[in-house]
Amino acid sequence: MPVKVATWNVNSLNVRFPQVLEWLAGERPDILCLQETKLVDARFPVAELAAAGYQSFYHGQPTYNGVAILSRRAPEAVCCGWPDGTDGQARLCAASFGAVRVVNVYVPNGQSVDSDKYPYKLQWLARLRAFVAEELRRWPQLLLVGDFNIAPDARDVYDPVAWGEGILCSPAERAALGHLLDLGLHDAYRSLHPETREWSWWDYRAAAFRRNQGLRIDLILASTPLLARAQAVVIDGGARAAARPSDHAPVSITLGDEV
DNA sequence: ATGGTAGGCTCCCTA
């Protein structure tokens, strides 16, 4: 049976919960990774998701950030945050489903290249690389998914000249993404669609969605054995057109059976 | 004209 894995920055699971339930019912993914749940763990809607057929693994905090993995089957070998527990921001969690490892990230936005949040973003990406290198050692079949807050290259930006080398597009961020890919990961959407220009995020401001001014910053990075199984990678822009939408669209990958 | 909107332990901060 093919396996469908999705990622979605929901910008508050509390507000977006009806849309998440509707999307799960319509798309029926095996696994859905969420970012920006903005929920403390005590308020995670475990029972409602169980009624919809999904188990919940979640790592939240008040007000900001928050990641979760919803899955039809039980997650194994779960972990959240850095192994040494030093980062106070809830941006990372991982779980295994048989041989497939799923690492879910909400990469810091960085705000602007001259913000103090920018070096924090670069440092966070360097730590992520070290973490994923260890994960790959144990689980060669790995998906690194989430909101990367990095547009990989000019094809992923509606107006690459206007965005220039600003936040989400700066050379250091793109180099950090390149260092992740150097571990043996592949941008699954771009591997299957070499030239297509599609976006996964549109700013709430300036009527960006109506004008289709977006960036592709929500990514699924697949290790080589999983890329070989990739049958489809879909960005569901329809979800962004819904009433009271998240500013991000869900992205999903369908993996065929192992040969 | 450096704008605009959305969310949250909301009167500021993050995105």
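Lettering of chains follows the sequences in order, A, B, ..., and the numbering in each one begins at 1.
- A/Asn104 and A/Gln35 are linked by a side-chain donor-acceptor pair at a separation below 3.5 angstrom, with hydrogens and angles left out of the test.
- Rounded to whole Å, the C1' atom of B/dA1 lies 26 Å from the corresponding atom of B/dC11.
- Toward the 5' end of DNA chain B, the nearer of the two residues A/Asp203 and A/Glu36, judged by each one's closest nucleotide, is A/Asp203.
- Here A/Phe209 lies out of heavy-atom contact (under 4.0 Å) with every strand.
- Residue A/Arg240 is classed as having no contact, given no heavy-atom separation below 4.0 Å to the nucleic acid.
- The residues A/Arg216 and A/Glu198 are annotated as not salt-bridged, no charged nitrogen and carboxylate oxygen being separated by less than 4.0 angstrom.
- No more than 12 heavy atoms of other residues, nucleotides or ligands sit less than 6.0 Å from atom CD of A/Glu22.
- In the hydrophobic clustering of this structure, A/Val10 groups with A/Phe44; members are Ile, Leu, Val, Met, Phe, Trp, Tyr whose side-chain heavy atoms approach within less than 4.5 Å, directly or through other members.
- Here A/Arg16 lies in heavy-atom contact (under 4.0 Å) with sugar-phosphate atoms only.
- With C1' as the reference atom, B/dG3 and B/dC9 are 30 Å apart, rounded to whole Å.
- Separating the C1' atom of B/dT10 from that of B/dA15 is a span of 15 Å, rounded to the nearest Å.
- Between A/Asn14 and A/Arg43, some side-chain heavy-atom pair lies under the 4.5 Å cut-off.
- Spacing of P atoms, B/dT2 relative to B/dC12, comes out at 22 Å, to the nearest Å.
- Nearest-nucleotide positions on DNA chain B for A/Gln111 and A/Lys38 put A/Lys38 closer to the 5' end.
- Put simply, the side chain of A/Leu92 does not reach to within 4.5 Å of the side chain of A/Tyr106, judged on heavy atoms.
- Protein chain A contacts DNA chain B from B/dG4 to B/dA15, reading 5' to 3' and using non-hydrogen atoms of the protein with a distance under 4.0 Å.
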